[in-house]
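In what follows, chains carry the letters A, B, and so on, assigned in the order in which the sequence lines appear, proteins first and then strands, with residues in each chain numbered from 1.
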Protein chains: 2
Amino acid sequence: MMVSTKGRYALTVMVDLARKGENGYVSLSDIAESENLSMKYLESIIAILNKGGMLKSLRGKNGGYMLARDPKDYTINEILLLTEGTLAPVNCIMQEGVQCEKAATCSTLPLWAGLDKVIENYLKGITLEDIITGNRKKMLGEYCESCDPAE
Amino acid sequence: MMVSTKGRYALTVMVDLARKGENGYVSLSDIAESENLSMKYLESIIAILNKGGMLKSLRGKNGGYMLARDPKDYTINEILLLTEGTLAPVNCIMQEGVQCEKAATCSTLPLWAGLDKVIENYLKGITLEDIITGNRKKMLGEYCESCDPAE
DNA sequence: GATAAATCCTACTCTCTCGGTAGGAATATG
DNA sequence: CATATTCCTACCGAGAGAGTAGGATTTATC
């Protein structure tokens with residue numbers, strides 16, 4: 001498993017905010033309750049999103065969080081990358097310019113690099129808006145049983 | 001990270017066997033030495049491959065392992081699936097018919113399902129032979145800088 | 001038949017990350 | 001001032017990942 005609860009919950013929070021966000025700030029307790037998740041744990045996750053510039057926050061009474069941009073301007077890739085740190089399928093993928101010492105002669109590296117690219121490409125192609133509108137065709141592609149194959 | 005050292009080493013072993021396998025059985029110590037990996041750890045990994053029917057083995061002096069089939073008849077997907085157990089990017093993907101209780105109303109599930117399919121599809125499309133022949137075009141696709149884009 | 005070289009099998013250990021919890025300080029509203 | 005909220009730091013238990021250890025069993029060769 002590549003994506004932990006941290007990344008999954010972060011995405012859930014973003015989706016929740018996108019849905020409720022029109023009416024101003026949404027409190028953490030509100031999100032935790034409607035998604036039925038631990039408020040304390042969500043707190044640590046939302047802090048990452050907030051520091052990463054994904055949200056606007058307001059302290060004090062009636063405070064809370066809201067999206068900093070329009071849902072269509074968030075890719076799933078950037079949300080998960082921020083919370084997970086990396087989405088690389090293996091740790092031998094070059095990270096921040098540092099690569100495995102055996103890279104030059106490793107015959108399996110192109111496979112991992114290719115897999116990494118396939119994942120990144122997919123996640124960059126989907127936005128928060130796609131999720132809240134339930135764009136199954138874009139997410140599931142040819143595997144979508146309820147989508148019209150003719151289109 | 002989705003693929004642990006277990007899966008990576010397993011693949012390395014398979015590649016090594018594919019390269020040396022023409023001359024009969026290859027011993028574990030031989031593989032461990034040429035790949036510079038712990039023999040004891042490899043032992044536990046190769047046991048999985050062997051029990052999974054991927055290899056033929058011969059005990060005793062001059063014994064060892066060899067591939068059970070032709071390299072082109074192994075997909076990377078099956079090798080990794082056997083050693084890793086699952087390649088699902090999140091644990092909310094249905095496994096063996098058991099799915100998350102919130103599945104029916106979960107708006108992010110199609111995303112995870114789509115990601116899972118993209119990964120599976122990629123890994124099913126690559127064979128052991130592609131790795132030993134260094135088929136960069138197939139592995140890296142459009143991201144292959146040394147491949148001729150015109151082809 | 002003894003010996004050496006191999007696979008096979010079971011159990012153990014150490015470390016790190018995941019998934020949370022706890023408690024309180026700062027800040028805004030009414 | 002009371003209350004509701006975000007913000008910050010520290011802590012903790014369980015389980016998985018990454019190996020280690022030791023020996024039992026099997027087979028080829030001398």
Side-chain angles (χ1 to χ4, degrees), chain A residues 1-13 17 20 24-33 35-68 80 83-92, chain B residues 1-13 17 20 23-33 35-66 68 80 83-92:
Chain A
M1 197 186 18
M2 182 178 41
V3 179
S4 65
T5 57
K6 207 197 298 192
R8 264 176 32 231
Y9 290 0
L11 188 53
T12 300
V13 165
L17 286 176
K20 297 174 179 169
Y25 290 94
V26 180
S27 78
L28 182 58
S29 57
D30 188 343
I31 300 170
E33 191 175 1
E35 301 296 338
N36 200 27
L37 297 172
S38 152
M39 181 171 155
K40 273 298 186 184
Y41 188 36
L42 272 195
E43 200 180 311
S44 65
I45 292 168
I46 217 165
I48 301 172
L49 293 170
N50 196 22
K51 284 181 186 169
M54 300 251 164
L55 305 176
K56 284 188 290 186
S57 70
L58 183 67
R59 299 173 78 166
K61 194 164 180 177
N62 296 332
Y65 303 92
M66 63 188 300
L67 296 188
L80 294 180
T83 45
E84 294 289 319
T86 174
L87 294 172
V90 289
N91 66 8
C92 47
Chain B
M1 197 185 18
M2 183 176 42
V3 179
S4 65
T5 57
K6 208 196 297 190
R8 262 172 38 227
Y9 290 0
L11 188 53
T12 300
V13 165
L17 286 176
K20 297 175 179 169
N23 330 327
Y25 291 94
V26 181
S27 76
L28 182 58
S29 57
D30 188 343
I31 300 171
E33 190 175 2
E35 302 296 338
N36 199 28
L37 297 172
S38 151
M39 181 171 154
K40 274 295 184 184
Y41 188 35
L42 270 195
E43 200 180 310
S44 64
I45 293 168
I46 217 165
I48 301 172
L49 292 170
N50 195 23
K51 283 182 186 169
M54 300 253 164
L55 304 177
K56 285 190 288 186
S57 71
L58 183 67
R59 299 176 75 167
K61 193 165 182 176
N62 295 334
Y65 303 92
M66 62 189 299
L80 295 181
T83 46
E84 295 288 318
T86 174
L87 293 173
V90 290
N91 65 9
C92 47

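Using a 4.0 Å heavy-atom criterion, one finds that A:K56 contacts no nucleic acid atom at all. Counting any heavy atom pair closer than 4.0 Å across all strands shown, A:I46 reaches no nucleic acid atom.
Taking only side-chain nitrogens and oxygens, B:S4 comes nearer than 4.0 Å to OP1 or OP2 of D:dA18. Look at B:T5 and you'll find a side-chain N or O under 4.0 angstrom from OP1 or OP2 of D:dA18.
A:I48 has its CD1 atom 14 Å from the C1' atom of D:dC7, to the nearest Å. The nearest whole Å value for the distance from the CD atom in B:E43 to the C1' atom in D:dA21 is 11 Å. Rounded to an integer number of Å, the gap from B:Y25 OH to D:dT27 P is 11 Å. A:M66 has its CE atom 16 Å from the C1' atom of D:dT6, to the nearest Å. Rounded to whole Å, the distance from CG on A:D30 to P on D:dA4 is 15 Å. Nucleotide D:dT20 holds its C1' atom 13 Å from the CD1 atom of B:I45, rounded to whole Å.
Taking the side chain as every heavy atom from C-beta outward, B:N62 and B:Y25 never approach each other to under 4.5 Å. Side chains of B:I46 and B:I31 form a contact here, defined as non-hydrogen atoms less than 4.5 Å apart. Residues B:T86 and A:M1 form no side-chain contact, since every pair of their non-hydrogen atoms from C-beta on lies 4.5 Å or further apart.
Minimum interatomic distance between A:M2 and A:E84 (heavy atoms only, all atoms of both residues): O-OE1, 3.7 Å. When all heavy atoms of B:A10 and B:T83 are compared, the closest pair comes out as CB-CG2, 3.4 Å.
The side chain of B:K61 lies closest to D:dA28, out of D:dT25, D:dA28, D:dG22. Picking from D:dC8, D:dC7, D:dT20 the nucleotide with the shortest atom distance to the side chain of A:Y65 gives D:dC7.
Looking at which nucleotide of DNA chain D each of A:N62 and A:K51 is closest to, the 5′-most match is held by A:N62. Each of A:M39 and B:S38 was assigned the nucleotide of DNA chain D with the nearest heavy atom; the assignment lying further toward the 5' end belongs to A:M39. Residues B:V26 and A:K40 both approach DNA chain C. Their nearest nucleotides, taken by heavy-atom distance, put B:V26 toward the 5′ side.
Counting heavy atoms of neighbouring residues, nucleotides and ligands inside a 6.0 Å radius, atom NZ of B:K6 does not exceed 12 of them.
The span of DNA chain C lying next to chain B, judged by atoms under 4.0 Å from heavy atoms, is bounded 5' to 3' by C:dA5 to C:dC9.
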Take A:T5 and A:Y41 through the side chain to side chain contact (heavy atoms under 4.5 Å, CB included) test and state the conclusion after the steps. CA-CA 10 Å; A:T5 57; A:Y41 188 36; 3.1 Å; yes
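Residue-to-nucleotide contacts include a donor-acceptor pair under 3.5 Å from the side chain of B:R59 to the base of D:dT25.
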